[in-house]
Structures are given as C-alpha cells and as structure tokens.
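This report concerns only the one structure given below.
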Amino acid sequence: MKKALVASIIGASLLVGISTGVYAGTKMKKIEAYLNGDVKVRVNGKVAQFNDDKGLALQPITYNGNTYVPIKGIGNALNVAVTTDTKNNEIIVGEKVNGTPLKSEDFNKTTYSKDPKQTNYKGIDYKEVLFEHLDGGGGPSLFFTPNKKYQKLVFKIAAIDGNLTSVKISDLDQNVLLKSVDTITPEDGLKEIEVDIGGVKTIAVNLQVSTDAGYMVPLISSYYK
C-alpha cells in the first residue's frame, strides 16, 4: 500500500466487526470499552470521518490503554477494499487470493450472450460473454458493480473483425479515469487489462469501435480480486 496512514493516536490498532449471531464462541471475551469521540485520525493530512455500511458515523474505541479504529473506515479513506468472510471468520484487506468472476456481481446485461457463435473465440468456448458487433462503428459503454468489495479488476477483451481504437475504464460515481488503453487489434488476441478498483462502487468501460467491428468480453475469465 503506497499511501501513508497518519493516525493522531498512540498505539492505534484496527477494529472491525464480524457478525457471528451467537456470542458463545470459545475465543470470544467480554470486555468494557469506551467510545472515544476526542480522538481524530488523519489520513494523508486530512481528518477522516468513518462511517458504517449504512452511512452512520463510527468513533474510535479505547480499551485497556489502546485505541482501536474501524478498519473499514481506514480502507475507505485509502481506497483499499475491506470485506468480511463470515464462513471462515476472516477479515480480508486488499486483494483476494482467489479471483471472483466478473459475472458474479451486477453488470449491464444488454449485450450478454451464451450463443456459441459468439462465445467461441480462437478455439475456446468462454460460455458467457458480452458481445456486440457494430456495422457502423460506435462508442458503446459497459457497466459493472463491484460495490467497493474488491481491490483489482482483471478485465479481458478481444477486438472482433476490426480495431477497438480506445478502451477507457472509469469510476462512474466519482467520474475518475482509472485506466486508458489505446488501439486493440484482432491480432492482439484476448487483451488483459489490470485496474486498481479499491473503493470503487460502479465501473464504466467506454469503448470506441471501428466500422464493421465488434468486441467480446468473457465473463468467467475476467475477474475481481
């Protein structure tokens, strides 16, 4: 993580909640702690306001001489994904070990296809794809919703019958360009584009397609981490 974290507290630790439903676990211990509204946390020079998933304000907690701050708040401030794996009782910070296929999260399904004529590419059947062929060319847009749960996007796309003259991947909500790729040709094959999407809710992929050309995006081999 390249961004520096400056906390105006001594002995700060990280805190996040895992919903267990029952507080009878053998490794759980009841404690008495205090919400500490006097403590301020600075991230890259600015005081950070931490909020939960519902937008409600969170405060640091002081316990036994140590101050704990919410790790999700730190993650949001630094654009680092923080998720909870309740099955394995784990907090996952940053990239996940295993990729999550693009199709596993919400996306615009306008050009979704399972037609073998469109899913087969260079001898491989990708089963589920986004596919479009534009006789007159154009500038279609694709939308995906990682919902701030991932740190990286590995996006794969192929140019069909002609060039993709531009691929721009943006944070739709913040109107920030995340990655720009120049011309992709059919000879390039399946092009892999890796993008940092920490803290991003909705991704827009804006394409420029030449005349009598198209694109194919495999939804299983493209993935989040």
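Note that the coordinates shown come from a computational prediction; the quantities given were computed from them, not determined experimentally.
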State whether the side chain of D196 and the backbone N or O of G198 hold a donor-acceptor pair below 3.5 Å, judged by distance alone.
-> yes
Does one hydrophobic cluster hold both F144 and Y112, with members joined at side-chain heavy-atom distances below 4.5 Å?
-> yes
Cluster companions of F143 among Ile, Leu, Val, Met, Phe, Trp, Tyr (side-chain spacing under 4.5 Å) | L172
Sequence-distant partners of S221, side chain to side chain donor-acceptor pair (under 3.5 Å), two or more places apart = none
Establish whether I220 and L130 are linked, either directly or via other cluster members, by ILVMFWY side-chain heavy-atom contacts under 4.5 Å.
-> no
By side chain to side chain donor-acceptor pair (under 3.5 Å) - contacts of T211 (at least two apart) | none
Measure the OG1-CD distance between T110 and E132 for me, rounded to the nearest 0.5 Å.
-> 8.5 Å
Using the salt bridge (Lys or Arg N to Asp or Glu O under 4.0 Å) rule, collect all pairs that involve residues 159-181, keeping only residues at least two apart or in two chains.
-> none
Could you tell me which non-hydrogen atom of Y224 sits nearest to which non-hydrogen atom of P101, and how far apart they are?
-> CD1-O, 4.3 Å
Could you list the residues that satisfy side chain to side chain contact (heavy atoms under 4.5 Å, CB included) with N175, not counting sequence neighbours?
-> none
Which atom names give the shortest non-hydrogen contact between K225 and G99, and what distance separates them?
-> CG-CA, 4.1 Å
I157 side, atom CD1; S222 side, atom OG - distance, nearest 0.5 Å | 8.5 Å
Verdict with reasoning, T111 to L142, per side-chain contact (heavy atoms from CB on, under 4.5 Å) = CA-CA 9 Å; T111 60; L142 311 174; 4.2 Å; yes
Just how far is it from atom NE2 of H133 to atom OH of Y215, taken to the nearest 0.5 Å?
-> 12.0 Å
Listed by chain and number, what are the salt bridge (charged side-chain N to carboxylate O under 4.0 Å, His left out) partners of E128, not counting sequence neighbours?
-> K103
Shared-cluster residues of V129, by chain and number - hydrophobic side chains joined below 4.5 Å = Y121, I124, Y126, F131, I160, L190, M216
Within the distance-only criterion (no hydrogens, no angle test), does the side chain of S210 pair as donor or acceptor with the backbone N or O of N163 below 3.5 angstrom?
-> yes
Measure the CD-OG1 distance between Q174 and T202 for me, rounded to the nearest 0.5 Å.
-> 10.0 Å
Residues which pass side chain to side chain contact (heavy atoms under 4.5 Å, CB included) with Q208, listed by chain and number, not counting sequence neighbours | T165, S166
Please step through side-chain contact (heavy atoms from CB on, under 4.5 Å) for the pair F107 and V217, ending with a clear verdict.
-> CA-CA 12 Å; F107 63 93; V217 176; over 6 Å; no
Taking only residues two or more places apart in sequence or in another chain, which ones pass salt bridge (charged side-chain N to carboxylate O under 4.0 Å, His left out) with D125?
-> K127
So V167 and V205, side-chain contact (heavy atoms from CB on, under 4.5 Å) or not? Walk me through it.
-> CA-CA 7 Å; V167 178; V205 180; 4.1 Å; yes
Just by distance, with hydrogens left out, do N206 and S141 show a side-chain donor and acceptor under 3.5 Å apart?
-> yes
Partners meeting side chain to side chain contact (heavy atoms under 4.5 Å, CB included) with D115 (sequence neighbours left out) | S113, K117, Q118
Before giving the answer on side-chain contact (heavy atoms from CB on, under 4.5 Å), spell out for T100 and Y223 the whole-Å C-alpha distance, their side-chain angles and the decisive distance to 0.1 Å.
-> CA-CA 5 Å; T100 299; Y223 57 93; 5.7 Å; no
Rounded distance (nearest 0.5 Å) linking atom CD1 of I203 with atom CG of N108 | 13.5 Å
Taking only residues two or more places apart in sequence, or in another chain, which ones meet D106 in a side chain to side chain donor-acceptor pair (under 3.5 Å)?
-> none
Shortest non-hydrogen contact from G162 toward A213 = CA-CB, 3.5 Å
Sequence neighbours left out, what passes side chain to side chain donor-acceptor pair (under 3.5 Å) with E105? Give chain and number order.
-> K149, Y150
Can you measure from CD1 (I169) to CD1 (I193) and round to the nearest 0.5 angstrom?
-> 4.5 Å
